[in-house]
Student: 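Sharing a structure with you now.
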Protein chains: 2
Amino acid sequence: MIRNEQYHQFLRQCGLKVTSTRLLVLDVLMSSSTALSHGDILGKTRGSRLDKVTLYRTLDTFIRHGIVHKVASEDRNWLYALHPIDRNNSVVRGDHAHFICDHCERIYCLPLQTRNSMPAPESEEGFIVRAHEFRLHGICPQCH
Amino acid sequence: MIRNEQYHQFLRQCGLKVTSTRLLVLDVLMSSSTALSHGDILGKTRGSRLDKVTLYRTLDTFIRHGIVHKVASEDRNWLYALHPIDRNNSVVRGDHAHFICDHCERIYCLPLQTRNSMPAPESEEGFIVRAHEFRLHGICPQCH
DNA sequence: ACCAAAATTGCAACAAAGTTGCAATAAATG
DNA sequence: CATTTATTGCAACTTTGTTGCAATTTTGGT
Ligand SMILES: [Mn+2]
Ligand SMILES: [Mn+2]
Ligand SMILES: [Zn+2]
Ligand SMILES: [Zn+2]
């Protein structure tokens, strides 16, 4: 695998030890265009006896190191995804949209087009906004 | 209770039978400025031997009848809330923001100020947007 | 190539949130 | 007040995620 060497470098850059679990999970996440649940990932790693607890911990480590973020899905569990990449191929760590397909339930991370026109809630009520998540519902390209 | 008569009428208007459970749950939801978890609601009804399954079913009924909506919380369980009311005291059934306090974890339903300027994701990619949820993170009025 | 320290992993047991089937109970209608 | 129909409570179960601990693996230095 030629990719493994890249992942190896990448993990070291993040200050993480390189383990087969981490290389495996990184590859699964890299290969997906949508956010994946713990169960999805475990399913895609059958054959490599990866324990569910280890996977939870690996994902958590990735989150703590800013490699991955998680999104609450509509059916009350977490989906994990790498940070999305915008048109200039640069990683978007901050605000981006989550598109939830009402047909297949897949969740996509999409960079936002109009960065400047964010709707704000009624302002005088004393809510201090620090970050936001924009969730879009509809039909994804795969489903029409 | 003078409120009970109003709730009674309201439930009948929705085509629902009036039961003590429904009156109770409706009152709890009406009395809260934030979205409540199943556990929160159960906690506020101690004394009235309300079963957890009955509460789940009652909330589900309210959702199916458009009385209540649910929001995925940061700790992966559902929060339930009546639809918010805007400045003109009219019920907002569609888009509104969810403000999540990073300090107390409470979730508030807030009507949006600028209805017209919604950020859209990259358009040509074939995503058909039908609805959206705007989630704001920050500090709520109670916490500063 | 080998060693020691520190981090990672697998296993078992556990906890919390939510669901299902079914019998008992309560609400609405005439 | 009797009948029909929806609602409720209970027990058992599923799914998702967590905790403690011992065994294994990684890494940096010899
Ligand atoms: Mn995302
Ligand atoms: Mn809401
Ligand atoms: Zn789809
Ligand atoms: Zn707060």
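Below, read A as the first sequence line, B as the second, and so on, with proteins coming before strands; counting in each chain starts at 1. The analysis underlying the following values was restricted to heavy atoms, covering all of them including side chains, and did not include hydrogens, waters or symmetry mates.
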Student: Rounding to an integer number of Å, can you tell me how far B/Arg49 CZ sits from C/dA24 P?
Tutor: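 Computing the B/Arg49:CZ to C/dA24:P distance gives 18 Å.
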Student: Identify, between B/Tyr80 and A/Lys52, the residue whose nearest nucleotide on DNA chain C lies closer to the 5' end.
Tutor: A/Lys52
Student: Would you check if B/Val28 and B/Lys44 make a side-chain contact, meaning some heavy-atom pair closer than 4.5 Å?
Tutor: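 They are in side-chain contact.
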Student: Using whole Å, what does the distance between atom P of nucleotide C/dA6 and atom CZ of A/Arg57 come to?
Tutor: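 It works out to 19 Å between those atoms.
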Student: Is A/Leu55 reachable from A/Val53 through a run of I, L, V, M, F, W or Y residues, each pair having side-chain heavy atoms under 4.5 Å apart?
Tutor: no
Student: Only counting residues at least two apart or in another chain, list the ones meeting side-chain hydrogen bond (donor to acceptor under 3.5 Å, both in side chains) with A/Glu105.
Tutor: none
Student: Working to the nearest 0.5 Å, report the span between CG of B/Leu29 and CD1 of B/Ile41.
Tutor: 5.0 Å
Student: Is the closest side-chain heavy-atom distance between A/Leu36 and A/Tyr80 below 4.5 Å?
Tutor: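 A/Leu36 vs A/Tyr80: side chains apart.
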Student: Measure from CG on A/Leu50 to C1' on C/dT8 and round the result to the nearest Å.
Tutor: 12 Å
Student: Tell me what A/Ser37 touches on the nucleic acid: a base, only sugar-phosphate, or nothing, going by heavy atoms under 4.0 Å.
Tutor: nothing
Student: Is the ring centre of B/Tyr56 less than 6.0 Å from the ring centre of B/His38?
Tutor: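 So the answer is yes for these two rings.
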Student: In whole angstrom, what separates A/Tyr56's OH from C/dT8's C1'?
Tutor: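 Atom-to-atom, A/Tyr56 to C/dT8, this comes out as 18 Å.
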Student: Between B/Asp27 and B/Tyr7, is there a side-chain heavy-atom distance shorter than 4.5 Å?
Tutor: yes
Student: Among residues 59-74 of chain B, which ones have heavy-atom contacts with DNA chain C below 4.0 Å?
Tutor: none
Student: Taking A/Thr61 for the side chain and A/Arg57 for the main chain, is one N or O donor matched with an acceptor at less than 3.5 Å?
Tutor: yes
Student: How sharply is the helix from C/dA1-D/dT30 to C/dG30-D/dC1 bent, taking the axes over five pairs at either end and rounding to 10 degrees?
Tutor: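 About 40°, once rounded to a multiple of 10°.
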Student: Could you check which of C/dT20, C/dT8, C/dA27 has an atom nearest any side-chain atom of B/Lys17?
Tutor: C/dA27
Student: List for me each residue that meets side-chain hydrogen bond (donor to acceptor under 3.5 Å, both in side chains) alongside A/His137, sequence neighbours excluded, and say none if there are none.
Tutor: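 So A/His137 forms a side-chain hydrogen bond (donor to acceptor under 3.5 Å, both in side chains) with A/Asp102.
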Student: For B/Asn77 and for B/Arg12, find the nucleotide of DNA chain C with the closest heavy atom, then tell me which residue's nucleotide is more 5'.
Tutor: B/Asn77
Student: What about A/Phe134 and A/His98, are their ring centers closer than 6.0 Å?
Tutor: no
Student: Using the rule that Ile, Leu, Val, Met, Phe, Trp and Tyr join whenever any side-chain heavy atoms are under 4.5 Å apart, tell me whether B/Trp78 and B/Val71 fall into a single cluster.
Tutor: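 Cluster IDs for B/Trp78 and B/Val71 differ.
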Student: Give the rounded distance in Å between these two atoms: CG of B/Leu16 and P of C/dT29.
Tutor: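 Whole-Å distance recorded here is 13 Å.
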Student: Just the rounded figure in Å: distance from P of C/dA15 to CG of B/Asp75.
Tutor: 19 Å
Student: Check A/Asp60 with A/Arg64, please: is the shortest side-chain N to carboxylate O separation under 4.0 Å?
Tutor: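 A/Asp60 and A/Arg64: salt-bridged.
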Student: Taking DNA chain C as the partner, which of residues 18-26 of chain B come within under 4.0 angstrom of it by heavy atom?
Tutor: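 Correct list: B/Val18.
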Student: One thing to verify: whether B/Arg135 and B/Glu74 come together as a salt bridge, which I'm taking to mean a side-chain N less than 4.0 angstrom from a carboxylate O.
Tutor: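 Looking at B/Arg135 together with B/Glu74, the answer is yes, because their closest N to O distance falls below 4.0 Å.
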Student: For A/His96 and A/His69, does a side-chain donor sit closer than 3.5 Å to a side-chain acceptor?
Tutor: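 A donor-acceptor contact under 3.5 Å links the two side chains.
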Student: Nucleotide range of DNA chain D contacted by chain B, 5' to 3', under 4.0 Å to a heavy atom?
Tutor: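 First and last nucleotides in contact are D/dT5 to D/dG17.
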